[in-house]
Amino acid sequence: MFQIQDQSLRPLATAHLAQTMSLLVLSNQDLREEILHEISSNPALEIVDESVCPSCHRPLRSPGPCPACSAARSQDEPIVFLSPRESFAPGRSRSSEDGLADQEPAAPEDLSLSVLRQLAADIRPEDRKLAVYILSSLDDNGFLQDPPVMLARLTRSPMEQVTRVLDLISHTDPPGLATSGPRDALLVQLDLIQQEEPENLIIGYARQIILTLFSELGKKDYETISRKLKISLQKVRTAVQFIHDNLNPYPASAYWGSGRQAIAADPNIYHTPDILISHNPVDPEGALVVEIFAPIYGWLRVNPLFRKAAASAEDSKSDAWGKHLDRANLFVKCMQQRNNTMRQLMEILVGKQRNFILRGDRELSPMTRAAIAEEIGVHESTISRAVSSKSVALPDGRIIPLSRFFDRSLSVRDRIKDIVRKETKPYTDEQIVELLRKQNISIARRTVAKYRSIEGILPARLRHKKAPAAARV
DNA sequence: CTATGGCACGGATT
DNA sequence: AATCCGTGCCATAG
């Protein structure tokens with residue numbers, strides 16, 4: 001049974017399809033780059049700084065689901081909407097297929113690790129996960145892309161905790177790490193120095209300069225600084241010299257020569273997710289709320305003025321303009337298509353896997369991409385692309401790859417973990433097979449072994465002693 | 001002899 | 001067409 005592909009007549013159709021596909025695979029970070037590139041090379045495109053409900057296209061005042069649309073929705077269905085969003089952590093944060101937050105990273109000695117190590121003594125255990133998350137979402141310069149509130153929201157941590165952890169991180173070794181930019185980094189470093197030399201007056205000047213006249217500092221406009229702060233030029237120069245000698249506006253690069261790719265990608269840790277699933281704030285038992293983050297803030301559209309201008313342009317120009325216009329139209333259409341696909345996908349996914357999302361791995365019911373594809377009437381490769389390299393934040397704060405929803409063995413693996421966790425004496429693989437059979441799961445003995453190794457569970461022989469809670473490091 | 005891990009095959013999925 | 005996954009068979013370690 002096929003769905004209608006009514007665009008096959010138009011010449012645009014194939015290009016349209018092709019481009020939609022290529023956009024669909026992209027994660028938000030990558031998509032953002034793509035969009036920015038497109039905009040900068042095509043005058044017909046513009047971003048309007050206003051949210052529009054993706055389904056009814058009404059302007060959306062407050063962030064959140066469109067009141068008009070979600071009201072009409074039945075209670076059980078998840079509320080899915082596109083969420084406007086400022087920038088995402090850039091950098092090569094490729095989400096590899098099997099990244100788990102709780103997996104042992106086979107990590108090289110990188111900046112985040114070294115910080116984590118220093119932190120180890122001071123940090124509260126419950127802050128650890130958050131610290132890891134923050135460190136992994138820093139950009140190449142060691143700065144925070146997202147404002148702290150966003151972090152709090154994404155990780156579902158109280159704001160108070162986020163500030164606490166941020167404070168801790170920014171004051172350890174490469175000082176000024178995890179601040180919002182060079183300015184804050186400098187200030188933090190200044191604080192640290194001041195603690196050691198409380199009576200050094202230069203520090204006071206330096207702080208004032210950074211605090212109030214940062215851009216002038218950048219421009220080396222010392223005269224203005226001197227005038228505005230009513231400090232002698234001489235002192236300004238001393239202070240600037242002090243800043244240069246003792247502070248580093250890019251904390252990440254201090255320790256890592258090149259600075260680039262220093263922190264960035266540990267494929268085992270997910271960065272800012274593409275999708276956020278939360279409880280309904282009004283009714284925690286009710287429909288889940290799914291936000292699909294937009295890669296840019298505002299909405300992309302063809303500039304109406306450009307369209308008008310192109311229509312009435314003289315021949316010499318209208319050709320080039322027409323091309324731009326076509327391209328812009330195509331691009332916008334593709335974006336809509338992409339959003340639409342993502343939205344439908346998430347609706348189905350969240351609808352079917354509610355238990356998995358709320359109760360954990362064990363509840364994942366097996367699905368295939370193909371089945372979803374049929375349900376919404378697209379080619380299975382479309383779903384495949386939509387799922388790949390996307391990550392989603394669950395209500396409990398875990399960030400998992402979207403592809404996890406299609407992991408056929410996840411539920412069984414979780415059950416095995418559970419069996420092993422509860423065992424008093426080590427079960428052999430064969431016995432585990434039996435136990436699983438009682439839960440209506442029949443798999444081969446060999447497969448149990450395989451899952452065990454995936455989960456890092458030792459063979460029964462070596463499991464003699466129970467070592468609870470040793471899994472996490 | 002038993003419990004496991006390695007290799008490889010075939011079918012399902014992407 | 002390429003890849004992934006469950007499984008069977010067999011060698012090996014205990």
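Below, read A as the first sequence line, B as the second, and so on, with proteins coming before strands; counting in each chain starts at 1.
In this structure, A:Ile432 places its CD1 atom 11 Å from P of B:dG5, rounding to the nearest Å. When rounded to the nearest whole Å, the span between CZ of A:Arg452 and C1' of B:dT4 equals 7 Å. When rounded to the nearest whole Å, the span between CD1 of A:Ile416 and P of C:dG6 equals 10 Å. In this structure, A:Ile454 atom CD1 and C:dG6 atom C1' are separated by 11 Å, rounded to whole Å. Atom CZ of A:Arg413 is separated from atom P of C:dC4 by 15 Å (rounded to the nearest Å). For A:Arg404 and C:dC4, the CZ to C1' distance is 16 Å, given to the nearest whole Å.
In terms of polar N and O atoms assigned as donor or acceptor, the side chain of A:Arg445 never comes within less than 3.5 Å of the base of C:dG8 in a complementary pairing.
At its two ends the helix from B:dC1-C:dG14 to B:dT14-C:dA1 runs along axes set 10° apart, each axis drawn from five pairs and the angle rounded to 10°.
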Could you run down the sub-3.5 Å N/O contacts of the protein with nucleotides 11-14 of chain C?
from: C:dG14; atom 1: O3'; to: A:Arg461; atom 2: NH1; distance (Å): 3.4

Polar atoms only, N or O, under 3.5 Å: list the protein pairs with nucleotides 8-14 of chain B and their distances.
from: B:dT14; atom 1: OP1; to: A:Arg369; atom 2: NH1; distance (Å): 2.7
from: B:dT14; atom 1: OP2; to: A:Arg369; atom 2: N; distance (Å): 3.4
from: B:dT14; atom 1: O3'; to: A:Ser384; atom 2: OG; distance (Å): 2.7

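Using modelled atom types, no side-chain atom of A:Ser381 and backbone atom of A:Ser384 make a donor-acceptor pair closer than 3.5 Å. Remark: the backbone N or O of A:Pro401 is not paired with any side-chain donor or acceptor of A:Ser391 at under 3.5 angstrom. In this structure a side-chain-to-backbone donor-acceptor pair under 3.5 Å is present from A:Lys390 to A:Ser388. A:Arg404 contributes no side-chain N or O that, together with a main-chain N or O of A:Val392, makes up a donor-acceptor pair within less than 3.5 Å. Under the 3.5 Å distance criterion, the side-chain polar atoms of A:Asp361 are left unmatched by any main-chain donor or acceptor of A:Leu410. One N or O on the side chain of A:Gln431 and one on the backbone of A:Thr428 form a donor-acceptor pair closer than 3.5 Å. With hydrogens and angles ignored, the 3.5 Å screen pairs no side-chain donor or acceptor of A:Gln19 with any backbone N or O of A:Cys334.
Donor-acceptor pairing under 3.5 Å is recorded for the side chains of A:Asn329 and A:Arg307.
Among the protein residues, A:Ile383 comes within range of no part of the nucleic acid, since none of its heavy atoms lies under 4.0 Å from any strand. When heavy atoms are screened at a 4.0 angstrom cut-off, A:Thr428 is found touching the sugar-phosphate backbone but no base atom. Within the nucleic acid shown, A:Ser453 has no heavy atom closer than 4.0 Å to any nucleic acid atom. Across all strands shown, A:Tyr427 has no heavy atoms under 4.0 Å from either base or sugar-phosphate atoms.
Expressed to the nearest 0.5 Å, how far CD of A:Glu347 lies from NZ of A:Lys352 amounts to 12.5 Å.
Partner A:Arg385 forms a side-chain contact (heavy atoms from CB on, under 4.5 Å) with one of A:Thr20, A:Leu24, A:Thr341, A:Leu23 and no other, that one being A:Leu24.
Counting heavy-atom neighbours within 6.0 Å of A:Arg327 CZ, excluding the residue itself, gives a total of 12 or less.
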